[in-house]
Structure formats: C-alpha cells, structure tokens
Amino acid sequence: MTPPNTSFSKPVLAALVVLLMVPSAWSSVVRRGLGPEPDSLNIHQAQGLAAVNLLRDLREGLVTFDSNGEPAPGQAVSWQVLDGGKRYRFTLRPDARWSNGDPVTAADFVRGWHHAFSPENPAVTAGLLQSILNADEIIAGTMDVSMLGIKAIEPGILEVLLKEPAPWILEILAHPVSYPLHQATLADLRQAPVNGAYTLDEWIPRASIRLQRNPEYYASDTVAMDTVEYFPIEEPTAELSRYRAGELDITETIPAGRFKWLQENLAPDLHVHPYLGSFWLGLNLRHPALGLSADLRRALALAIDRETLVRVVLGAGEMPAWSVVPPGISSYEPAKMTESGWTQEQREAEAVRLFSKSGLGKRQPLMLQLRYNTSGVHRRVAVTVSAMWKQVLGVLTELINEEWKVFVNNRKMGVVTEVFRGGWIADYADSSSFLDLFISGNALNTTFYANPAFDQLMDSAQLTGGAERKHLLRDAEALLMQDMPVIPLYYYVSRHLVNPRMTGFADNVRDIHLSRYLGLETESP
Amino acid sequence: MNQEGILRHSATRLLGLIPTLLVLITIAFFLIRMAPGGPFDSEKVLPPEIRANLDAKYHLDEPLMQQYFRYLGQIITLDFGPSFQYKDWTVNELIARGFPVSLTVGGLAMLLAFLVGTSIGITAALRQNTAMDYSIMGVAMLGISIPNFVVAPLLILVLAVYQGWLPAGGWDWSIQRMILPVVTLALPVIAYIARLTRGSMIEVLHSNYIRTARAKGLPGHLVIRRHALKPALLPVISFMGPATAGLITGSVVIERIYSIPGLGSYFVQGALNRDYTLVMGVVIFYGVIIILLNFIVDLLYAWMNPKIRYDEVQ
C-alpha cells in the first residue's frame, strides 16, 4: 500500500490558509452594510438613504435621534415653543464643537440654511424646509434669502420661525438639510470640519467608507466604537454572503426570498420591524373607467387577497395594508377600510357585487394596464394582483414593466398610466407626510385625486394642533379610504441581520440606528 | 521589419482614432439624451425654481446642439465634468479610481487565462483524440457554457462562507480579495483560449514545414517551441485584443457579486440614472482602450506572422 502523499501538502495548505485568512475584526470596529454608494456627503446634495444615514454619523442638527430612533436634543440642549407653535427658541449646547475645536454657534446654522436656499447651489432637499417662514418666496426668487425664518439671537441662542404650526418640524431639524455649516466649509465640503460623533477618515467610492470617533464631540466618551466601516454593497445576496463570512456586523437589508431560510438558520441575527412606509397601487382617476366609479375602485381593492400576498408572495414579515398611513405613528390610529375585519370570502362577494353595480361583469371584461418599475418584488406583486383580479372579477390586466426614470415620468404626467405601483416612505413620523400627497394640485398627487372636502380637512388640520389635528387628519384619511384613489396592499418592514453580540441596536419604525449608540460585546469563550 | 513602414502605419492608425471617437461621442451623446427622463427626475418632485436653478447650473436648459458643442469643447481639455449621480466626484476622479481596479482584476484574469489556456490547449493538441484531450476539452466546454453569475456565488459559498479561506467580497487591494474575482473572470476565457489554441496547434502541426522540421531530426519539444508555437498562437492573439479590452474595463456581473469598485458598473448605473457625464466619460474611455488594444494586436501580429508586412502596401 502506498502511503498517502499528504505529508507535504498539509502544512503547505495550512500555511496558505493562514496567509489567506480574512483579518478578523477587532472589537472596537463595527462594520455596516450601506446599500448603494451614497450619492453625496454634502448635506445639501444628499438625497438617498445611504447618504443621509452616513451624514447622521458625521454631523448633527439642533435635534438628533436617540437609540430608539426618536427625536432627541442634539446640538441644541433645550428649546421653547412660542407663539402657538410658530416660533421655536433653541439653546445650543455650550460644549457643542466642530471637529477642529471651534464652537458651534447659532451663526453656523444660519449659514447652513442660507446656503441651502442659495440660487447658485440650491439644496435638492430644500423642500423639506418649506414650512419655515418665507421659504416659498425665497425659493421662488421673490424674496432675499436673509428673510428666511431663522435668526441668531446670541451665539448660543437660535430662533426658527414657521409659517404655520408644524408639529413634525423637530424631525426635519434632525435631517441633514438643516445641519449647520462651519465657516471654512463652503470651499470644500469633503475636507470640512464636522460636528457629529464621527469624522470621515477614508472614502473609497463603491468600496468602503471609514469613520473615526470624533474626540471633540460633546458625548464622545459615551461612544463605544472607535471605528465604523461602511461598505456600499448594492446586491443583497452579496451582502448576505459577506455577513455569513463574518465580514459585516449589520446588513442594510436581506435578499428577497431568503426570509424563510434566514428564519430557520440565522434567527438570532434576523431583525424585522414595522417601518413607516406603505405600498399601494395608484389608480389614475383621469382614466374613464377608474375615475368614474368609486364602487369599481373598491371592487378592485377587495378582490385582492392581501393575506395570501404578504404570506406567499412577499413572505418577509410585511403586514397587509388597509390604509395609506402605516401603523407606528404615535397617538394616530390609521383609518382602515371598513372591510379590513371581514373574511376574504366576504370581501370577494362584496367585490363582485360592487363590480356588477358599476355596470361591469365577467361578460364585459374590463381591460387594465398595470405599470411597475423594474424589480423582482414589484413584478411578483403585479402578477399576483392580476391573477386575483381575473379570478374574482374577470378583469384582464396587461402588465407593463418600465425602467425607473421612464416609470416616474409616466406616473407624474398621468397620460398613459392606469393602475400603477405606488407607495410612500415617511419623511417624518406624521400622518400628514402621507396624506399631503393627495391634496389636489400636489405635484406628487399622481392619482389626480381632487376632493374639496379632503382638501378642506387637510387645511383645517394645518391650523390646529394636538388631538384636534389628529382627529381632522384621521377624518381626511377615512374620506380617502372611501374614495379609494389608491389600493393599499402592504406596510413596509425594515430588515437587517445584526451580529448577536451587537449592543445598542434597537429596532424602530424610522429604521434609524446611529453608530454612536452601538457596541460589540466581547466574544464569550 | 521595416521601421519606417511600422511608424507610418502607426501614425495613420492613431490619426484614424479621431474620427472614430467623434462618431462614437456623437452617437452616445444624443442616444443617452433621447432616453426619457433626466438626471434630476426622481420619485420626489423638486420645487420648479430649484429644478430650474439646477438645470441652469449644469447647462441642461440650453438647446441640445449648444450642449453638444459645449461638451466637445470640454472634452478636448480632457475634462469629463462632474458626475450627476455621485455628486461629490468628477467623472475624471471616478475613472481614475475605478480603472486601476478593473485593470488589475482584468489584467490578472487575462494573464491567468493566457497561461493556463494556452498550456492546456497545447497539451490537448499534442495528445489529440486521447482521453486527456477529450477531458480537457470537455471541461473547457463547461467553462464556456457556465455563466459567471453561477460560478461566482458557488465559489463564494464554498471558499468564503463554508471554509472561510477567502473573503466573500469587497476591495482593499489585498491579494486575497483579488483571487475569487480574477479566477471567476478568467474561467470562461481560459476555456475559450484553450479551444482556440488546440484547434490552431493541430492545424499547424499538420503543415508541411513542421513535417520538414521533424524530418530533419529536430527533437519534438524544439519543433513545438521554435516552429509551431508562434503561428499556433496567432488566432489567440487576435482574440485577446478585444477580450482584454472587455476584461480590463470591468464586468458588471463580477463587480456586483464581489462588490468591486471597478469601471463596469458605471456603464449600467450611469445609463439607468441618466448620469450623462458619467456615461459619456466611460464610453469615450472604453472606446480609446478598444482602439489602442486593437492597434497593439496588429503590431504583435506583424511581429509574429512573417506573412504580414505593413511596408508593402504602398
């Protein structure tokens, strides 16, 4: 018998393996998936979630978010609400400093805001500040930027003036568009001093972005992780592989279709949580059949078996939606469709009744086009919905897949659209972020819904506050769910894989997880 | 070889580059602008005044012809302008950072493919119609027909996730992060080169001058090395020109699966996002690379093939 010829190869192989081993993470580094490459780290050009999330680690506004994703004092230590909610007086932290040691002053905020409204370099997100006094006039160019409703009273005192009370404004003040700018910044935003928990150490486009703890940050001694490494990984399956290979501590998402496998194999790492977003099908009310009858729209809505859709087709923890506003907004109960409590058989019977009432039936089949932008999930949803419509109502659906830019343009113009993929993710945790979309004349109102009663309710809500406001908004949503310009299908969820040793990662409806709260427990032997 | 002939030929070829590029630029410029939507169209709607200011800043409010000539004037100075999508970078910066990565991965893959492909191709040719030949060519056939996006996840699963020997993706210029993408990229090229080499080697081995060399008693390995190798590699060389251009400008599939910051994704991302400047930048860059590589292949050809002479065409 010949001895196996492995005496050589084994040590060689072992040496190779050691050489090729991935350098294991050291404990004070957290490695996070970022999704796509951030579009910009300029606070006025950043639009995508990736960029905004990064900026939240690098910079801070008057308000920031706590570890549960709720607004909390940031560069301002406290504030008073004056003039019935139209004037906010902020006291800055005495220890708020830029990364070069300079104090953060009220003038830095004024500079930042004025820059956001400058005609030469307009901030793409300036629209978020439209509730600030004179913002509209300045954008339109009829008023000078110095008239903007922000005033430095003293170096440490800042006042913000609003057109109308806007209870959600604190959350806008935590958005990058309202961050301060250091006076040396305007020349080169990449080199500029920052005022957040981390500073930018290295940025290799589409490979990695490394942040280091900012020792000048006022809460720097509470920041556990010295280094944060963000990896832009566009492909969720690639992100999952890297997570499984131990190269990531937090992923941005999970691949579609892997939810079940992850539940079975990586249950302790899997975080699925309601998210402030809704997916719906928009109905173009300019279309003759769709615009004519609310009964028809309701029939289409009831014929869709949402439970089957979320369980079988989506299957990643999404919840069936019966309203435009998702649950999770504090002290607001979404106005769900009355049929949400029925069984699917009852709903389908009602759908058939309403459908024939509107003069249609299986004999005169309705032809509809369903448009969606390229995405595996959207395609599966569209196929399922068209099958359910055909089965219950005999509606024939033509599926039209469009590239993103073509799709958003068609949807905006509203000439060729009939039924189309729609949805919204809240800019701020308030039901008006969703309901505003349906005010007549809103540029984002792609269904062309126009109901004076709805507009009236939204107007009155803007002038009031507290419980009365919530009441009016809920009435508006109830009206919307009667008129049905959209068919809500499901509420979004946030999905992450998180290293079980990670501390300070709290699931929340805004899906905001600042790195300053994160920590990594040392591995138990 | 006639030095002057080569020089004259090179000068003509390089001059010919200019009209080719001009046509390329013109077609690409108008095609991408014909696509519906623009760089600032998104789900959210910008206030019209802000939109107007942005359009003015990037000269998108000008008539198309004026934009075209402005662009031509700009690229003469080799300035591709700012990217619309990656707003903090210029297109020049993005290419300058992306190309070395693609060049490294693609260049190494081509080198690997050439060395392995020709070796197994020659081996198969010398043992024509034996079990060895059939098994090599069978594997090569598999290599050509299995696509990258099947091989790559399998390699990641086995070598990175299960065994932990190699990283699952990412880029930091370390060798271990290069291995998987280079191998994945090289596999189909190895197979293709092996088949090409085998075919042409068999043909050359049957030619009269090889028979003569054998007849005068030259040892087998010398016949191969001195007489058969060069002509047998000619088809491989002409294949390698465009293939190298394809490899070193980046592969979208490989870049997505391994999260590599190369040039390839900029084509797709740039086109989908209507990032006019980025698309134009990579198209022009790619055009120049292809033309240059074809030119190099021509020169190599002349050097290797005694039948080709550039000074004869007068």
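First the proteins, then the strands, lettered A, B, ... as listed; each starts at 1.
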To check you understand the geometry: which heavy-atom pair defines the closest contact between [X] and [Y], and what is its length?
X      : Y      : value
A:A245 : B:A160 : CB-O, 3.9 Å
B:Y162 : A:R244 : CE2-NH2, 3.9 Å
A:Q47  : B:S42  : NE2-OG, 4.4 Å
A:E120 : B:K57  : O-CD, 3.5 Å
B:K44  : A:D427 : NZ-OD1, 2.5 Å
A:R206 : B:G262 : NH1-O, 2.8 Å

Report the option among [options] that has the most heavy-atom pairs separated by less than 4.5 Å from atoms of chain B.
options                        : result
A:E239, A:E403, A:Q45          : A:E403
A:P38, A:G48, A:A238, A:A140   : A:A140
A:G127, A:P119, A:A443         : A:P119
A:F117, A:F231, A:W404         : A:W404
A:V406, A:I233, A:L444, A:I139 : A:I139

Under a 4.5 Å heavy-atom cut-off, does chain B meet the side chain of [X], its backbone, both or neither?
X      : value
A:N409 : side chain
A:S208 : neither
A:A51  : neither

Which region of [X], side chain (C-beta onward) or backbone (N, CA, C, O), has a non-hydrogen atom less than 4.5 Å from a non-hydrogen atom of chain A, or is it both or neither?
X      : result
B:Q85  : backbone
B:S265 : both
B:E255 : side chain

- Message: Can you tell me how far apart CG (A:D136) and CD (B:E49) are? Round to the nearest 0.5 Å.
- Response: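 Spacing of CG (A:D136) from CD (B:E49) equals 8.5 Å.
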- Query: What is the distance from atom CD1 of A:I425 to atom CD of B:E43, rounded to the nearest 0.5 Å?
  - Reply: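 So the CD1 of A:I425 and the CD of B:E43 are separated by 7.5 Å.
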- Item | Listed partners of B:Y286 passing ring-ring contact (aromatic ring centres under 6.0 Å, His included), at least two apart |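 Partners of B:Y286 by the ring-ring contact (aromatic ring centres under 6.0 Å, His included) criterion, ordered by chain and then number, come out as B:F267.
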- Message: Using modelled atom types and a 3.5 Å cut-off, is there a donor and acceptor pairing between side-chain atoms of B:D41 and backbone atoms of A:K405?
- Response: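 Answer holds: no.
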- Is there a side-chain contact (heavy atoms from CB on, under 4.5 Å) between A:H44 and B:K87 once you walk through the steps? CA-CA 11 Å; A:H44 295 145; B:K87 296 169 201 149; over 6 Å; no
- Message: Would you say that more than 12 heavy atoms from the other residues, nucleotides or ligands in this model lie under 6.0 Å from the CE of A:M413, or not?
- Response: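 No.
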- Query: Should A:I204 and B:W171 be marked as a side-chain contact (heavy atoms from CB on, under 4.5 Å) after you check the CA-CA gap, both sets of side-chain angles, and the distance that decides it?
  - Reply: CA-CA 9 Å; A:I204 307 172; B:W171 186 259; 5.7 Å; no
- Does the side chain of B:I50 come within less than 4.5 Å of A:V124's, by heavy atoms?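 The answer is no; the side chains never approach within 4.5 Å.
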- If we only count heavy atoms from C-beta on, is the B:W89 to A:P205 side-chain gap below 4.5 Å?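 Result yes, sub-4.5 Å side-chain heavy-atom pair found.
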- Message: side-chain contact (heavy atoms from CB on, under 4.5 Å), that's the test. Do B:Y258 and A:R242 meet it? Break it down for me.
- Response: CA-CA 9 Å; B:Y258 291 112; A:R242 292 183 71 180; over 6 Å; no
- Query: Using a heavy-atom distance cut-off of less than 4.5 Å, which residues of residues 144-155 of chain B contact chain A?
  - Reply: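 The stretch does not come within 4.5 Å of chain A.
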- Who among B:I156, B:L272, B:L157, B:I257 has the most heavy-atom pairs with chain A under 4.5 Å?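 Option with the greatest count: B:L272.
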- Item | Pair B:V45-A:K412, side-chain contact (heavy atoms from CB on, under 4.5 Å): steps then yes or no | CA-CA 9 Å; B:V45 179; A:K412 226 175 280 176; 4.0 Å; yes
- Message: The test is side-chain hydrogen bond (donor to acceptor under 3.5 Å, both in side chains); show your working for A:E37 and B:Q269 and say whether it passes.
- Response: CA-CA 11 Å; A:E37 168 76 11; B:Q269 287 298 321; over 6 Å; no
